[in-house]
Amino acid sequence: MSSQEHEIRQVEHALTTMYSNAPREEKATATHFLENFQKSNDAWQITHQILSDKNNGSNVQLKLFAAQTLRSKIIYDLSSQIQPENYQALKESVLNLIKLYNGSNEKLIRTQLSIALSQLALQYLAWNDAISEIVANLTSSSDLPLVLLEFLKVLPEELSDVKKSHLSDEEYNKRSQELITDQVESVVLTLKNLAESNSNNDPVLNAAILDALNSWITECPIDKILSVHSLTSLVFQSLSNDTTFDKAIECLVTIVRETRDIDNHEIIDALYQQILQLNKFMHDNADNLEDPEKVDGLTRLYVECGESWSALIARNPQHFKPLVEILLNCCKYEDDLDIVKYTFQFWYLLKQLIVLPKFQEARQVFGDCYLQLISIIIKHLTYPITSNDDDLFNGDKEQEDKFKEFRYEMGDVLKDCCAVVGASKALQIPFTQIQTILSNSQGHWQYLEAPLFSMRTMAKEVPTKEKTILPTIMSLLVQLPEHPKIRYAATLVLGRYTEWTAKNPEFLEPQLNYITKGFEVDNNNEIFMATSHALMYFCQDCSELLVNYLEQLYLLYGQVKDKIDFESNYELTDGIAHVVAKVPEENLYKISDMFLEPSLQKVSELNSLNDNSDEVNAQIADQLEIVIIFLQVLKVDEFEKPSHPVASLFIEKIWPLVASILQKRGSILKVSEKCMKLVKVAIESFSSYLNSVLPQIAEILHQGYKQTQFGCYLWVSGVVIRVFGDDEYSSQEITSAAYNFGLEQCQSFFEHFSNKDEDQLKQIPDVIEDFFRMLNDLLMFFPFKLIPTLDLLVSIIKTAKVTLTVINEYNPIISCIHFLIDLISWGLPHPPISLFENRDTTPLKECIKQFVTVNNHGGELLKVVLDGLIFKFHNDVQQDASDLLLKILVVTPSTDLAINWLRDVVTSLPNVQSNEVNRLIDTVSVAIPNKDNRRVRSALRDFIGWYSRKNVSPRSEI
């Protein structure tokens, strides 16, 4: 057995392992082998041998993998493994291979070979008239049209993905012009000839023609496509054949989409008339509309017409009303709500236009369509009618979740309808439905709940001055028949109209009574949640009106707080706090204390227990969250007075309790995090009013982090620096203390960080993230102190390099990169923030420039960031990391030094090609002195993309 035959057997065995039930380790080994094979030089010859052997047709898997490998070899390895003088031979061999796979059952292999040929044509720059030669080659025999059509379909798709190519922008643009733009007419002519020569009307050939046509539509002026009668006839005629229906729809959708930006209204109108004829034909042949796939395709086509021509529809409403009515009819489809969903964007786009004054006529013309749409949507909103109210979807949880999500999307459409027809007319429809249902005494709650839900979703579009229908609706809602589902829905409706109620206070008391009665329902968490939610909005929007009800609210709060879940408790607290915020300042301490006392007392009792169980600590955390919400709502906006009642309450009662909890339970992460959240909110809410306890807070944060190493202490340390480090609002003594406190936290972090190995560091991504965010606050307010401190910078850079090398999680990496960008940016002409615009930042620029050059800090950082971009960073980090790379290069005082660093970094990469390195270095060497940052960024991106595709990313779908 020859070595090639042996390797083919190895490949075949690895593929068999991949698709078998082999152990995971064996599959991983097989995958590794196949990936390495795809990158090897031997793969060129072996793939040709596998694909050339047509007699061995049994192993389709092997041939498909060989075709995929040949494709990836041409994309990634052509310039590095094949000499240019051998391109001609490769071209001929690929053309010969692709002609072997002309059968209708060999499409997958043919597609891969077409991609390979397309990529070869792109990169083989000396191949003149490539398309003409390929077309001639693939029309030399009557059995090759499927091969030619597959190639023509693939070519524009491949060349649209610039990321696959390592050609320069100039080479790529020139080659795309030669292979696509310059070939449009000849390709359209080829497709025309193939369509006209298909005398047998072979649906397989027609489908292939349509596929190819669809790829080229976007490359050609649409009027040229539509002027070729044989092609447009083929598209519309193919709609009557099941084999070609989907392909024809795709073509028509693309054609319609391409008319978005043309001014030739005659072409659009001719197309529109054909679409109307198509709709008539489909309805005349009703069997078509019983096929869900055809309904799906037709709806997508009609929606594309509506979206593409929305501006024309608004300008010519009478002319296009039949199209809008077609789309309205599509919304009535009940068998698959996803099809109805296709239309939603159209209704939104048209609404956006016709609510404008200049489209007033269109608004009137389409008003009836939007009114009908409301009724249609309400019908779709109705829950299934079943004998078991607790299981409306026969146990299908996925279907239930999908329906609930879809209801909210339908709610957005109802808002669009409301905006078009006006709140009074829109609300009249569900109101009339509710009246009809009540008068007919229909038993199913679903019929009432759907119109109630529609009222709730339309609330944002209803003005507070609406007086025509809302007073009647509000009177009706509080008198609806008692049923858990109806109470739940009506309560949420009332909660959405609280801004209206604030302007119409005569409705406040009956609504409030109805809502609070929800707490009397026995053990119905769903209603409790709705009641708390609605009450929160009532208190927020009607806070001034409810100050006189505070005593009742206090009693209510005391009665229900222990029987509702904590989420509902939080909402209730939020609402009550908004009312308390309207209390006169002289009573604010007393009222706040009154509402907070139960939670503070409960926390104190729990803390005093010698019980460190998860349950007790969770209860403490839940009660502290209530205090947090209260303090958040009562945030102080003006600091003109010497003190504030709630800040005093914090200092006298809340802070001592927090300190006591931390002293006893600070080692519990959940407790520490909740206490730190409370301290953070207090600082942000009361800032300078807390100056008297600031030293205690700082000590707690410092000792808390030293003892626990929890990131939350660093997180709040950043808040202290941010709030008290601003010299506009704090004295010099306070700002200096904030800076020194920040330094102490940094030193503690460095000690802990340096004593951990890689595995231990990977266990604390949140702590590292919090550190760099705190560091950014320190840099923001104290750049003139931090940047000249060389020892501190050295420790920071050392920590950053370890972070970017060792840590894999997104958040710590992005927080580190953001800090480094801000730090390095101080070396640029314009500082990253404007807080110090009146100060001379030249010393800081010099410090940064000097620092990056000393001990090769810039070069080392450059390597860490580039390695991260290639080998490990998440895609969402790429743009920021690239920005950091650019800033390091630009800030380096010597261009030569920056270029040398970059050259050293890229040449140290494994399997790098000298020509790609030279291309990068040549571009950057010219761009940096010319301050052409865009070219530097582009060159780096292209190099990283090329190297990653060639050496890092898997080659194929194995």
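Everything quoted here is computed from the prediction, not taken from an experiment. Position 1 is the first residue of the sequence, and the numbers go up from there.
Within the cation-pi definition used here (under 6.0 Å to the ring centroid, within 45° of the axis), K294 qualifies as a partner of F245.
Between E304 and R260 there is a salt bridge, since at least one side-chain N of the basic residue sits less than 4.0 Å from a carboxylate O of the acidic one. A salt bridge links E449 with R407; the closest basic N to acidic carboxylate O contact falls under 4.0 Å. Taking 4.0 Å as the cut-off between side-chain N and carboxylate O, E178 and K174 count as a salt-bridged pair. We find that E185 and K224 are joined by a salt bridge, their nearest charged nitrogen and carboxylate oxygen being less than 4.0 Å apart. Look at K321 and D368 and you find a salt bridge, because one of the NZ, NE, NH1 or NH2 atoms lies within 4.0 Å of a carboxylate O, short of that distance.
The line from CG of N214 to CD of E157 is 8.5 Å long, rounded to the nearest 0.5 Å. Atom-to-atom distance recorded for L194:CG and L148:CG is 6.0 Å, nearest 0.5 angstrom. Distance check: Q274 CD to D269 CG gives 10.5 Å after rounding to the nearest 0.5 Å. Considering OG of S118 and CD1 of I134, their distance stands at 7.0 Å, rounded to 0.5 Å. Interatomic distance, I376 CD1 to L371 CG, rounded to the nearest 0.5 Å: 11.0 Å. Interatomic distance, L210 CG to I217 CD1, rounded to the nearest 0.5 Å: 9.0 Å.
In this pair, Y370 and W347 present their aromatic rings perpendicular. The plane angle is above 60°, beyond the 30 to 60° band. Aromatic ring orientation, F453 versus Y408: perpendicular (interplanar angle above 60°, classes split at 30° and 60°).
Side-chain contact between Q318 and V365 is present, with heavy atoms from C-beta onward closer than 4.5 Å. Residues L350 and V420 form no side-chain contact, since every pair of their non-hydrogen atoms from C-beta on lies 4.5 Å or further apart. Counting heavy atoms from C-beta on, the side chains of P471 and E466 come closer than 4.5 Å. No side-chain heavy atom of Y342 sits under 4.5 Å from any side-chain heavy atom of C330. Residues Y348 and D412 form no side-chain contact, since every pair of their non-hydrogen atoms from C-beta on lies 4.5 Å or further apart. Put simply, the side chain of T181 does not reach to within 4.5 Å of the side chain of S176, judged on heavy atoms. Considering only heavy atoms from C-beta on, K460 stays 4.5 Å or farther from R496 through its side chain. The side-chain heavy atoms of M455 and P451, taken from C-beta on, include no pair separated by under 4.5 Å.
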- Message: Show, in sequence, the C-alpha distance, side-chain angles and deciding distance for E307 and R257, and conclude whether the salt bridge (charged side-chain N to carboxylate O under 4.0 Å, His left out) test is met.
- Response: CA-CA 9 Å; E307 291 181 9; R257 190 175 297 130; over 6 Å; no

- Message: Go through it in stages, so that I can follow the logic: the residues are Q119 and E158, the test is side-chain hydrogen bond (donor to acceptor under 3.5 Å, both in side chains), and I'd like the CA-CA distance, side-chain angles, deciding distance and then a yes or no.
- Response: CA-CA 7 Å; Q119 287 292 333; E158 281 302 296; 3.0 Å; yes

- Begin from the C-alpha positions of N241 and N206 and carry the test side-chain hydrogen bond (donor to acceptor under 3.5 Å, both in side chains) through to its verdict. CA-CA 10 Å; N241 186 295; N206 280 342; over 6 Å; no

- Is there a salt bridge (charged side-chain N to carboxylate O under 4.0 Å, His left out) between K192 and E196 once you walk through the steps? CA-CA 6 Å; K192 171 181 177 290; E196 291 173 353; 3.1 Å; yes

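Aromatic ring centres of F403 and Y383: separated by under 6.0 Å. Within the 6.0 Å centre-distance limit, the rings of H319 and Y272 are counted as a close aromatic pair.
In this structure a side-chain-to-backbone donor-acceptor pair under 3.5 Å is present from S215 to K153. In this structure, R315 contributes its side chain and F359 its backbone to no donor-acceptor pair below 3.5 Å. Of the possible polar contacts, one joining the R110 side chain to the G103 backbone as a donor-acceptor pair under 3.5 Å is found. Within the 3.5 Å criterion, the main-chain N or O of L152 finds a donor-acceptor partner in the side chain of W216.
Within 6.0 Å of the OH atom in Y537, the count of heavy atoms belonging to other residues, nucleotides or ligands does not exceed 12. The 12-atom threshold is exceeded at NE2 of H265, counting heavy atoms of other residues, nucleotides or ligands nearer than 6.0 Å. In this structure, Q428 places its CD atom where more than 12 heavy-atom neighbours from other residues, nucleotides or ligands lie under 6.0 Å away. No more than 12 heavy-atom neighbours from other residues, nucleotides or ligands sit within 6.0 angstrom of NZ on K425. With a 6.0 Å radius and a threshold of 12 heavy atoms from other residues, nucleotides or ligands, E361 has its CD atom at or below the threshold. Atom CD of E293 has 12 or fewer heavy atoms from other residues, nucleotides or ligands within 6.0 Å. Heavy-atom contacts from other residues, nucleotides or ligands closer than 6.0 Å to CE of M474 number more than 12. Counting non-hydrogen atoms of neighbouring residues, nucleotides and ligands closer than 6.0 angstrom, the CD atom of E405 reaches no more than 12 such neighbours.
Under 3.5 Å, the side chains of T218 and E258 contain no donor-acceptor pair of N or O atoms. There is no side-chain donor-acceptor pair under 3.5 Å between T382 and Q446.
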